[in-house]
Amino acid sequence: MSSTMQQQATPDIQSATLVMDCKLDKIFYGNFLAVRDSHVPIEKNKITGFIGPSGCGKSTVLRSLNRMNDLVEGFRFDGYVQFLGQDVYGKGVDPVVVRRYIGMVFQQPNPFSMSIFDNVAFGLRLNRYKGDIGDRVKQALQGAALWDEVKDKLKVSGLALSGGQQQRLCIARAIATQPQVLLMDEPCSALDPIATRRVEELMVELKKDYTIALVTHNMQQATRVADTTAFFSVDISEGSRTGYLVEFGPTYQIFENPREKLTKDYISGQFS
Amino acid sequence: MSDTQPPPSRATPSLQRKFEGRALRSMVLSGLVWFLAILTSVPLLSVLYMLITQGGARLNMEVFTELPPAGFEMDGGFGNALVGTFFMVGIAALIAIPVGIMAAIFLAELGPSSKLATAARFAAKTLTGVPSILAGVFAYALVVITTGTYSAPAGGVALAVLMLPIVVLTAEEAMRMVPKVMKDAAYGMGCTHTQVIWQIVLPTGMPAILTGVMLAIARAAGETAPLLFTALFSNYWLLQEGHLAVMSPTASMAVLIYNFSGMPFDNQLELAWAASLVLVMIVLIVNIVSRIFGKPKF
Amino acid sequence: MTYKIKRDAMEKPFALDVDTDSICQPPSSSTLLIDRTFRMFARLGVFVVLALVVALVLEIGVKAIPGIQKYGLDMLTGTVWDVGQQQFGILPAIWGTLYSSLIALLIGGFFGISMAIFLTQDFLPARLAAVFRTIVELLAAIPSVVYGLWGIFVVIPFIRPLTDVLNESFGWIPFFSSTLSGPGLLPAALVLAIMILPTIAAVSQDALRSVPLKTKQAAYGMGATHWEAILKVMVPTAATGIFGSLVLGLGRALGETMALAMLVGNSNQISLSLFAPANTLAALLALNFPEAGPNEIGVLMYAALVLMVITLMVNILGSMMIMYAQRGVKA
């Protein structure tokens with residue numbers, strides 16, 4: 001892909017509304033170049049969708065934002081990730097601190113093997129919350145649209161819930177501490193359609209208070225919930241698979257009037 | 001034309017089993033492995049039979065409370081040896097379990113593919129193959145020669161050398177079984193490594209870690225060779241005149257069995273069987289308990 | 001990890017001033033201190049494991065130096081062990097160690113591999129297989145000193161009439177050239193075989209289980225009988241792992257002490273006869289260390305070093321074969 005196209009991929013965004021600015025020129029795992037030339041800004045109180053074929057590095061990019069990739073041996077990258085104007089990978093920055101402000105919801109529902117209440121209270125206790133933990137747990141569960149279903153069994157293990165409920169519990173756990181940004185890595189891929197719809201409604205509800213980055217393999221989901229969309233593709237020309245950002249823009253523009261032919265092909269289902 | 005007809009030599013094969021040739025050989029071989037497997041259980045049954053008949057006949061309350069008899073003395077027991085075994089296994093556990101679990105935490109969580117971890121894993125595997133008597137020789141060189149006396153701590157160190165690699169390898173295995181998604185959730189909330197380990201990895205992996213610890217304890221309790229010339233043996237209680245005689249030779253069940261097995265006196269031989277029964281029961285109970293613990297909950 | 005970061009002027013420390021009443025807090029300094037300390041201790045634990053191996057080799061190696069200097073290679077080839085005359089030859093002990101271990105390996109290996117085949121190749125319903133598996137595990141759990149006691153009172157009296165008959169009828173064969181007058185090589189090796197059987201059975205089972213199902217199905221698909229599939233496909237495919245189990249069993253036999261100290265007779269002679277008393281390195285150490293004077297300690301440390309070198313080599317060889325086998329199956 002030509003470099004001029006890359007420069008066009010990301011338009012300017014008013015820095016006042018910018019919560020995160022992620023410029024990932026190269027992401028390596030050992031000697032393997034996983035992602036290149038991806039510049040994604042994340043705006044306040046919006047849902048930024050990451051779409052693209054599997055292996056395009058959208059999850060890798062997402063996991064770079066809160067330094068979850070630090071846990072993968074051999075990970076390194078060129079570029080920068082800014083969070084409110086500060087360098088997430090800067091000298092002396094503890095990844096633990098970063099992850100406190102940038103919450104994450106994972107592909108597979110992963111509640112801890114403790115009670116529903118303790119699951120949600122986990123982050124509050126971790127952050128030495130001074131207020132009423134019970135109140136916050138209730139608010140978080142209400143925010144995750146789970147309260148009515150579990151209010152009578154808060155002491156039951158989180159693992160006893162259904163898959164959809166577990167995922168909403170994980171969302172409640174993530175929002176209980178009111179992180180500035182919520183990263184969601186294909187949060188609905190393990191859920192049935194009904195549970196998926198509930199989580200989608202929840203995301204739209206949550207963006208009033210939160211800034212969300214959402215990885216999804218489901219284009220319809222992106223059109224339903226994302227305000228802006230980053231389309232990634234994968235370059236397999238040189239014998240290895242390297243993902244890169246093709247186009248970034250308002251969701252309606254990406255889906256209705258894409259600038260790149262590649263985006264158009266993907267949207268219209270000519271490849272996946 | 002003729003090839004539309006099946007060649008006459010290719011008669012319709014019979015699907016009936018024929019008891020000749022390969023089928024017959026198969027049956028003979030199957031019979032052989034059955035026979036060998038049953039034969040393998042004969043020693044176990046024989047050992048258990050001897051323990052119950054010989055050892056059980058001599059088992060009474062006194063053997064647990066009395067000191068070993070000398071020469072032609074009658075009665076007596078192995079109370080001090082039982083105490084000594086517990087004491088030395090306790091010392092070994094105090095050394096090997098914390099060190100082993102800490103090392104396992106590093107191997108499983110902190111630097112699983114670091115060079116340090118690879119080297120340590122190899123070291124632990126090498127240690128599991130070290131003959132137990134060499135652990136005794138090591139403790140003799142390290143503790144007995146240095147302190148100038150046979151003692152319970154010397155025996156404890158020898159047993160710790162044998163326990164450590166078992167604890168390290170089984171605990172690492174146990175912690176690796178903790179699902180990655182669970183750990184990711186905790187890291188994603190901004191937990192430090194230590195918080196993830198204490199709040200997620202250790203509680204979730206605990207049953208399997210306990211199994212490994214129990215197996216190591218069971219192995220140490222039955223060991224004789226490393227104690228022969230580190231703790232030696234004693235005909236007296238560990239607790240003498242109100243103080244623990246820590247830095248003096250210490251009795252153990254295993255060494256008592258060994259010493260008495262070579263004696264020409266019936267009383268001692270009976271006690272050796274009774275002590276064997278008790279020792280095997282301890283080892284088996286620890287084994288069974290570890291299995292009950294070891295059922296993973298996830 | 002190193003990050004190459006093209007940074008703007010961003011030297012501000014990472015503390016948020018966005019949302020003063022945010023619940024999110026950076027971890028307290030005590031949390032971070034605990035984290036750092038705990039990780040340091042974990043690393044320390046790893047160093048202890050490494051240091052232990054080094055210390056084990058060094059302690060025994062260094063303390064063996066006086067013995068090596070004084071007796072050198074003569075000790076390895078000498079056949080007399082007489083503390084009174086200060087003569088220390090360990091050739092008979094080396095011989096006894098190898099001879100008893102090899103016999104134990106022959107018997108234990110045969111039974112152990114048969115057991116592994118029996119347990120993995122669909123001879124048994126699951127419930128019954130669990131019973132036999134428990135039997136093998138129990139065999140491994142019994143302390144060696146109890147096997148020694150059992151050997152003295154059950155194995156020796158049981159095989160003695162048999163050995164007398166063999167000696168009378170086949171005394172011209174070197175293996176049967178003496179009678180069993182109590183302890184001896186054969187009872188020791190038999191008990192040793194029982195003790196190494198669980199190791200061999202367990203590791204061979206792993207090897208046989210790791211043969212891919214499709215390999216097995218291919219064999220049956222060609223019309224092989226149950227046993228043809230086992231002997232011509234399963235066992236050869238798992239051969240490296242099974243061989244590794246034998247090497248590990250051998251390593252265990254070479255270092256086993258109590259059963260031999262109690263059953264082998266502790267007699268410094270080199271004989272092919274299965275019924276003659278013999279000696280082994282481990283038994284020599286067990287019997288002589290408790291009464292050792294300063295000079296003997298050097299000699300015994302030398303003998304311990306020899307035992308360590310032999311067992312380490314065998315064990316590392318065995319582990320490497322098993323590792324190689326596992327890698328081979330994966331590839």
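Throughout, protein chains are lettered first and strands after them, A, B, ... in sequence-line order, and every chain is numbered starting at 1.
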Side-chain (A:R100) to main-chain (B:G190) donor-acceptor, under 3.5 angstrom: yes

Is it the case that over 12 heavy atoms from other parts of the model lie below 6.0 angstrom from the CG atom of B:L45? yes

Answer yes or no: does atom CD of A:Q165 have more than 12 heavy-atom neighbours from other residues, nucleotides or ligands under 6.0 Å? yes

Would you say that A:F112 contacts B:Q199 through its side chain, given a criterion of any heavy-atom pair below 4.5 Å between the two side chains? no

B:H193 vs A:L71 side-chain heavy atoms within contact, under 4.5 Å: yes

State whether the number of non-hydrogen atoms from other residues, nucleotides or ligands found under 6.0 Å of A:Q142 atom CD is greater than 12. yes

Rounding to 0.5 Å, atoms CZ (A:R99) and OH (B:Y187) come to a distance of 8.0 Å

For A:L183, which atoms come within 4.5 Å of any heavy atom of chain B: side chain, backbone, both, or neither? neither

One should read off an interatomic distance between B:D184 CG and A:R63 CZ, to the nearest 0.5 angstrom, of 5.0 Å

When rounded to the nearest 0.5 angstrom, what distance separates CG in A:L126 from CE in B:M189? 6.5 Å

Heavy-atom check, side chain of B:P112 versus side chain of A:E73, under 4.5 Å: yes

I'd like to know if the side chain of A:N110 and the backbone of B:M182 have a donor-acceptor N/O pair within less than 3.5 Å. no

Got A:F122 and B:C191 here, is their nearest side-chain heavy-atom distance under 4.5 Å? yes

Does atom CH2 (B:W198) have a neighbourhood of more than 12 heavy atoms from anything else shown, all under 6.0 Å? no

Among A:R173, A:M104, A:M114, single out the residue with the greatest number of heavy-atom pairs under 4.5 Å to chain B. A:R173

Checking heavy atoms, do the side chain of A:P179, its backbone, both or neither come under 4.5 Å from chain B? neither

A quick test of your reading: do over 12 heavy atoms of other residues, nucleotides or ligands sit less than 6.0 Å from NZ of B:K183? yes

